[in-house]
Number of protein chains: 2
Amino acid sequence: MDPRKMRILQAVTDDYINTAEPVGSRTIARKYGLGVSPATIRNEMSDLEELGYLEQPHTSAGRVPSDKGYRFYVDVLMDPAEIGPEVRARLREEFAARRQVMEQMIHHAARLLSVMTHYTAVVVAPKTSETAIRRLQLTPLDEMNVLAVLVTEPGFVEHHVIELASPMDEATLQKLGQRLNDYLVGKTPKEVNRGLLERLREDLEPKRLYDETVELLMRSVGSRCEERVYFDGTLHLFEQPEFRDVERAKALLGFLEQEEAVSSMLSEISRRSGTQVTIGHEHPREEMYECSMVTATYHVGGTVVGTVGVVGPTRMEYSKAVSAVGALADSLSEVLTQMTRRPA
Amino acid sequence: MDPRKMRILQAVTDDYINTAEPVGSRTIARKYGLGVSPATIRNEMSDLEELGYLEQPHTSAGRVPSDKGYRFYVDVLMDPAEIGPEVRARLREEFAARRQVMEQMIHHAARLLSVMTHYTAVVVAPKTSETAIRRLQLTPLDEMNVLAVLVTEPGFVEHHVIELASPMDEATLQKLGQRLNDYLVGKTPKEVNRGLLERLREDLEPKRLYDETVELLMRSVGSRCEERVYFDGTLHLFEQPEFRDVERAKALLGFLEQEEAVSSMLSEISRRSGTQVTIGHEHPREEMYECSMVTATYHVGGTVVGTVGVVGPTRMEYSKAVSAVGALADSLSEVLTQMTRRPA
DNA sequence: CGTTAGCACTCATGGACATGGAGTGCTAAC
DNA sequence: GTTAGCACTCCATGTCCATGAGTGCTAACG
């Protein structure tokens, strides 16, 4: 893989990303001044094809980068289009302005990302189970139903209605609430382990209440199915020539509509923190073989709490996408961390 | 408009709804036993076209119902495919099982509707401003921020974070919460008018709190932008041959993505309660000229609180859609009403 | 030996044109 | 009022061909 091959691969990829047309040797020679003739480039391109970096849709068409080609482009060739500090500041402000309601921030993050990149944006909201509990509030609805409102550190509010096994009066509930708060504040639902629950059990006077408590917590922690996925700019998919075919677009949209599938795919990918690029057949799911994703994790303090990203065709403007996704994740992390009350 | 014309219009509409192909006189004569020859039918169809009930995509193609034709079909010809009591019972159960969390019920309603009809379902969640307040809970987050949780009668839970103008200790907050509950429970946010607020002002001891109260309520009542619209089965649109063209599908989806626009259109349409059919150019918005909607309002007690409906091509199976939407709205209303605690 | 010019070959694309079929409108006969 | 017959229209489909972009190969060049 000599330097000239690399420059040619870069030229082919850049051009294909812009035009969506297979690119031929003439085009390269004309538009990208490599100082060699088309014939030479043809030879090099032939080699690159043999090496697996380029593909031909059919004989006598131009070349197109393969997944491997894109991978090399992303890892080695691409320079990642730095994002200015003004833009970063703008992003922080945008989030700070919506600081009060977590859900709005998440929505807004998706919107910003899709507007910035013109790709479909996807944001996975923080798992409640991994952020510290700030407050747990129990409110009676009637004799048999209790509203449990859980506020976790970055300001994420979640509520569950719990149907009691047996009636409970308001005073008892109040007391239970107090106790629970004392025990739980500052811990993440994940940290609430068996040992803690046992101690709690011993302490709670009406033993009967214990079961309720467990149910409540299980609901809250076990609500990983509530790991919500937000989309924005789904329409941008249709702007891509590769999705002009309705069948193809339908298949992809159908997959994206399945929240659980997307969420599990994303959590698989974002096991490693930081910005991640996943290209075509690297995806675990067939529906995504024609797509690429650029994702980044965001965090509160040191803990990764969620993922943001964009979905587009493999012919994606990786440099723009990587920097935008990165900047957004950074800003989001920053604001969320700032919002978090350090435990006293 | 003699009876035979009506039968022919019905036949044309039925056939076109099934096949999506312009229907000719031969087809009518063959498939629908009217006992007359194609030639006769041709004459009648020519008349129907003159009257504006049918249209020809081009000379020497079959006929297709016009918007006016569909309107007549819906108002006069169609028999609305009764839905059995078992299905209604199923629906009620489905909702009852999710009785605890309003948002899940709404989601589920959209899902059920799109599965039943194979059209895109849309559900507008109850405006909080029109359902009675069951409970208002104020919870301190820190010195300057309060979490206000509003529970309205059918079990709709909504939360707002309020940033205070000046710090307030927990005890004061507690007292304020008590007072507010006494005043507000049983009323709808809409009923909370100026007079009531005045009386409240006089009663509250630290006058400063008054402003906070107003802000809180204004947020809650004024959150008509929070009149959420839920979709399900957007993909079904692509199954319709009329949306095989990506541009057309994009235009429609783009419109549906604008929550406010859709919500205002729906509230316009569902001013009259009950089941409503809106056909093609009857829509206020150009993006919907090629579509029809079947909508119905649902209610708690006697008050209309929201809308359910389906969106499809004008060539829609109106009879199925009307009965499905109607049944769903009924079941939803029933369960919601049942859930509502009658004020003591 | 790498580079280049030349040339034959391949293949997708799009326009021109013929063909078939579905459907209409009209007229005349029943 | 209804029907059969017929000429006419128009879309959809398929074929053919010209065009052009691009390749691979070979032979010449420095």
Side-chain angles (χ1 to χ4, degrees), chain A residues 1-9 11-16 18-66 69 241-242 244-245 315, chain B residues 1-9 11-16 18-66 69 241-242 244-245 315:
Chain A
M1 196 64 170
D2 55 291
R4 193 171 66 186
K5 278 199 179 52
M6 281 168 50
R7 290 191 61 190
I8 289 175
L9 177 54
V12 171
T13 311
D14 283 336
D15 203 76
Y16 185 62
N18 285 327
T19 65
E21 295 288 323
V23 21
S25 51
R26 259 179 74 90
T27 318
I28 299 291
R30 233 188 306 118
K31 290 214 279 188
Y32 305 81
L34 297 192
V36 287
S37 77
T40 309
I41 296 178
R42 274 205 288 284
N43 290 330
E44 295 285 47
M45 281 166 79
S46 186
D47 291 355
L48 283 168
E49 183 167 3
E50 194 121 357
L51 291 168
Y53 293 105
L54 292 181
E55 282 171 353
Q56 249 180 327
H58 55 85
T59 4
S60 93
R63 299 304 208 294
V64 159
S66 66
E242 25 272 283
R244 283 259 288 286
D245 176 31
R315 183 188 60 77
Chain B
M1 198 63 171
D2 55 293
R4 193 171 65 186
K5 279 200 178 52
M6 282 168 50
R7 291 189 62 190
I8 289 175
L9 177 56
V12 171
T13 310
D14 282 336
D15 202 76
Y16 185 63
N18 284 328
T19 64
E21 295 288 322
V23 22
S25 51
R26 261 178 72 89
T27 318
I28 299 291
R30 235 187 304 117
K31 290 214 278 187
Y32 304 81
L34 297 192
V36 287
S37 77
T40 309
I41 295 179
R42 275 206 288 283
N43 290 329
E44 294 285 48
M45 280 165 79
S46 186
D47 291 354
L48 283 168
E49 182 168 3
E50 193 121 357
L51 290 168
Y53 293 105
L54 293 180
E55 283 171 353
Q56 249 180 327
H58 56 85
T59 3
S60 92
R63 300 305 209 294
V64 159
S66 65
E242 25 272 282
R244 283 258 288 287
D245 176 31
R315 182 189 61 76

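Per chain, numbering begins at 1; letters A, B, ... match sequence-line order.
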- Taking pairs as Watson-Crick (N1-N3 plus N6-O4 or O6-N4) or G-U wobble (N1-O2 and O6-N3), each distance under 3.5 Å, the stems of three or more consecutive pairs with DNA chain C are C:1-30 with D:1-30
Please report, to 0.1 Å, the donor-acceptor pairs under 3.5 Å made by any side chain of residues 22-29 of chain A, with sequence neighbours excluded.
from: S25(A); atom 1: OG; to: R42(A); atom 2: NH1; distance (Å): 3.4

- Message: Test of understanding: with side-chain hydrogen bond (donor to acceptor under 3.5 Å, both in side chains), list the residues that count as partners of S46(B), not counting sequence neighbours.
- Response: none
- Partners meeting side-chain hydrogen bond (donor to acceptor under 3.5 Å, both in side chains) with S60(A) (sequence neighbours left out):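 Expected list: none.
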- Message: Per the ring pair (Phe, Tyr, Trp, His ring centres under 6.0 Å) rule, what does the pair list look like for residues 35-55 of chain B, sequence neighbours excluded?
- Response: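 The answer is Y53(B)-F72(B).
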Partners meeting salt bridge (charged side-chain N to carboxylate O under 4.0 Å, His left out) with [X] (sequence neighbours left out):
X	answer
E49(A)	R63(A)
D15(B)	K31(B)
D245(A)	none
R7(B)	none

- Along nucleotides 7-14 of chain D, 5' to 3', which nucleotides get a B, which get an S, and which get a -, given that the test is a protein heavy-atom distance under 4.0 Å? --BBS---
- Task: Tell me, please, which residues at least two apart from N18(B) pass side chain to side chain contact (heavy atoms under 4.5 Å, CB included).
- Result: none
- In residues 24-54 of chain B, what residues come within less than 4.0 Å of DNA chain C, judged by heavy atoms? G24(B), S25(B), T27(B), R42(B), M45(B)
Report the distance from atom [atom1] of [X] to atom [atom2] of [N], rounded to the nearest whole Å.
X	N	atom1	atom2	value
K5(A)	dT3(C)	NZ	C1'	13 Å
I8(A)	dT23(D)	CD1	P	12 Å
Y16(B)	dG23(C)	OH	P	14 Å
D15(A)	dA21(D)	CG	C1'	14 Å

- How about L9(B) and T13(B): do any of their side-chain heavy atoms sit closer than 4.5 Å? yes
